Protein chains: 2
Amino acid sequence: MGKRSLQKLATTHKILQAATTLYTKNGFLQTSMEQISQEAGVAKGTLFIHFKSQEDLIDSVVKELLRSFVSLRVFQAQPNQTLTDLLIIHLEIIHKNEKLYTHFIRERFFLSKEANQYYITIQKIFSDFLAFAFTHAQVYTPLPHYSLFNTWIGLIHYYLENFDLFNSEKDILDTYKDDLVYNYIVLIGGAK
Amino acid sequence: MGKRSLQKLATTHKILQAATTLYTKNGFLQTSMEQISQEAGVAKGTLFIHFKSQEDLIDSVVKELLRSFVSLRVFQAQPNQTLTDLLIIHLEIIHKNEKLYTHFIRERFFLSKEANQYYITIQKIFSDFLAFAFTHAQVYTPLPHYSLFNTWIGLIHYYLENFDLFNSEKDILDTYKDDLVYNYIVLIGGAK
DNA sequence: CCCTTAAATGACTGTTCGGTCATTGTAATA
DNA sequence: TATTACAATGACCGAACAGTCATTTAAGGG
């Protein structure tokens, strides 16, 4: 591999890095290509050599976000892991990209078809993981899994999207992780 | 009252009407002042006589939305109304402006301080109504009211914001109203 | 060592859109 | 009827911003 193509790869990486940083900090809609080029330390035109459009760049960042969740897809639970453990794991994985994920769920409606397909895939991953968790933890309720899932993910999304309502200094999930899981467990624990 | 000031009031009304129609259909961010002026049948400059800025117009529409919820504030329950009844009432009131409310919760982050203040007020109204409903229906759970509220409103918001995931022809709340209430009741009914 | 090829540059273009203002027409008033 | 006041108009302005392209720079191949 030549010096030139190595350089190109490095530049692509720098741009993706810069884009991720700014999208995480300010969101997708509030970040211009100009800002990203400055953050990456390259000219604006360079961005369009590496990504054919802004949409393409956003899709790439979202694709990376999706990849951060795939470990849930092949998750192997330990025999003694409880539902609490598994829900905590779910929140911890989201927490790794909490701010980016929050911007994504807030703004995805304004993003491309592609990005929205990734969103659906992510929700599917979460849903499957939860279904697995319920089964593994032998949760019995009269309610269907999808209903339990919607309640759980709805609660998480409500906290993330409305973090300004919960005057928390740190990240939402850091602060409320235990509370969220505990309350949810009590809720469905009772639904027998 | 003179012909002129009547005319002015009528124009203000036409503009608010047109704005509400377009915000409902396409959302706040996707609707331009130009479009609104056309829908209202007036010149673009006219909008700025009646509203000092786009932000001001949006705030006015959102304020109207808020007003559609205030009946919950002074709600007098019948003695025999169950929690199910009250949750249904809550959904029906949201349903009256379902699409506008959905756009609002999706986009409020990009709107003014004022609009966000209205958002907080709305959430407070919902929260108070739910607290009242729990008390009235003598719901006992080991969980605090705020937790029950967050679960409920989180679930509703998740359905509204993700209506494209639930392939429903009609409005989300029309289709899923009973399901939502029933499942939620089972959930917290069990949490004794 | 020269020539080809491709990465990088940044000035420039076109478009969208919120907001302005000089002008117009008409209601209110004296 | 003449004068004033104000609602309405729409051409225009300026800012923001995605995307383009002629030009520059340097790597790679013969």
Side-chain angles (χ1 to χ4, degrees), chain A residues 1-23 25-62 103 107 109-115, chain B residues 1-23 25-62 103 107 109-115:
Chain A
M1 202 166 214
K3 205 171 181 179
R4 198 179 258 168
S5 47
L6 274 175
Q7 180 58 39
K8 191 174 185 186
L9 273 181
T11 302
T12 303
H13 185 72
K14 266 197 300 186
I15 294 170
L16 269 175
Q17 199 87 1
T20 303
T21 300
L22 291 177
Y23 291 154
K25 198 191 296 180
N26 304 321
F28 297 93
L29 300 187
Q30 308 263 4
T31 302
S32 69
M33 294 301 265
E34 177 68 35
Q35 284 177 291
I36 292 169
S37 73
Q38 279 169 16
E39 174 81 20
V42 299
K44 189 177 159 193
T46 307
L47 302 196
F48 293 90
I49 294 169
H50 296 261
F51 300 90
K52 79 173 200 296
S53 65
Q54 182 182 39
E55 210 169 68
D56 186 31
L57 175 54
I58 290 177
D59 288 351
S60 300
V61 170
V62 171
H103 282 299
E107 302 171 28
F109 192 68
F110 301 101
L111 306 183
S112 69
K113 288 251 178 224
E114 189 84 8
Chain B
M1 203 167 212
K3 205 171 180 180
R4 196 179 258 166
S5 47
L6 275 176
Q7 179 58 39
K8 190 172 186 187
L9 273 181
T11 304
T12 302
H13 185 73
K14 267 198 299 185
I15 294 171
L16 269 175
Q17 199 88 1
T20 303
T21 301
L22 290 176
Y23 290 155
K25 198 191 297 179
N26 304 321
F28 298 92
L29 300 186
Q30 307 264 3
T31 302
S32 68
M33 294 301 265
E34 177 68 34
Q35 284 176 291
I36 293 168
S37 74
Q38 279 169 16
E39 174 81 19
V42 299
K44 188 178 158 191
T46 306
L47 302 196
F48 293 91
I49 293 170
H50 295 262
F51 300 90
K52 76 174 203 296
S53 65
Q54 182 182 39
E55 211 169 68
D56 186 30
L57 176 54
I58 291 178
D59 289 350
S60 299
V61 171
V62 170
H103 282 299
E107 301 172 28
F109 192 68
F110 300 101
L111 306 182
S112 70
K113 288 254 178 221
E114 189 84 8

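Protein chains get the first letters and strands the later ones, always in sequence-line order, with residue 1 at the start of each. Note that the structure is a prediction, hence the values are computed from the model and not measured.
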Side chain of [X] (C-beta onward), nearest among [options]:
X      : options               : result
A:Lys8 : C:dA7, D:dG19, C:dG19 : C:dA7
A:Gln7 : D:dA8, C:dA8, D:dG19  : C:dA8
B:Arg4 : C:dA27, D:dA27, C:dA8 : C:dA27

(request) Measure the spacing between CZ of A:Phe110 and CG of B:Leu29 and express it to the nearest 0.5 Å. (result)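 Going from CZ on A:Phe110 over to CG on B:Leu29, the span is 4.5 Å.
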
Take atom [atom1] of [X] and atom [atom2] of [N], then tell me their distance rounded to the nearest Å.
X       : N      : atom1 : atom2 : value
A:Met33 : C:dC12 : CE    : P     : 21 Å
B:Gln54 : C:dC17 : CD    : P     : 10 Å
A:Glu55 : D:dC17 : CD    : P     : 17 Å
B:Phe51 : C:dG18 : CZ    : P     : 15 Å
A:Leu57 : D:dA18 : CG    : P     : 11 Å
A:Ile36 : D:dC17 : CD1   : P     : 12 Å
A:Leu47 : C:dA7  : CG    : C1'   : 13 Å
B:Leu9  : D:dA8  : CG    : P     : 10 Å

(message) So, does B:Thr11 get its side chain near the phosphate of D:dA8, meaning an N or O under 4.0 Å from OP1 or OP2?
(response) yes

(message) If the cut-off is 4.0 Å, is B:His50 near the phosphate of D:dA8, judged by side-chain N/O to OP1 or OP2?
(response)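 Indeed, a polar side-chain atom of B:His50 lies that close.
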
(message) Could you check whether the side chain of A:Lys3 and the base of D:dG28 have a donor-acceptor pair of N or O atoms closer than 3.5 Å, going by distance alone?
(response)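 Between D:dG28 and A:Lys3, which were checked side chain against base, a qualifying N/O pair under 3.5 Å is absent.
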
(request) Please name all residues satisfying side chain to side chain donor-acceptor pair (under 3.5 Å) with A:Gln30, sequence neighbours left out, ordered by chain then number. (result)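 Scan of A:Gln30 (side chain to side chain donor-acceptor pair (under 3.5 Å), adjacent residues dropped) gives none.
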
(message) Counting C-beta onward and ignoring hydrogens, is there a side-chain heavy-atom pair between A:Ile58 and A:Phe51 closer than 4.5 Å?
(response) no

Could you tell me whether [X] contacts a base, only the sugar-phosphate backbone, or nothing, with contacts defined as non-hydrogen atoms closer than 4.0 Å?
X       : value
A:Lys44 : base
A:Gly45 : base
B:Ser32 : sugar-phosphate

(message) Can you give me the closest heavy-atom contact between A:Ala18 and A:Glu39, atom names plus distance?
(response) CB-CG, 3.4 Å

(request) Without swapping roles, check the side chain of B:Glu55 against the backbone of B:Ser112 for a donor-acceptor pair under 3.5 Å. (result)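 Checking the backbone N and O of B:Ser112 against the side chain of B:Glu55, no donor-acceptor pair under 3.5 Å is found.
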
(message) Judged by each residue's nearest nucleotide on DNA chain D, which is more toward the 5′ side, A:Gly2 or A:Leu29?
(response) A:Leu29

(message) By nearest heavy atom, map B:Ser5 and B:Ser53 onto DNA chain C; which one lands nearer the 5' end?
(response)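 Closer to the 5' end of DNA chain C: B:Ser53.
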
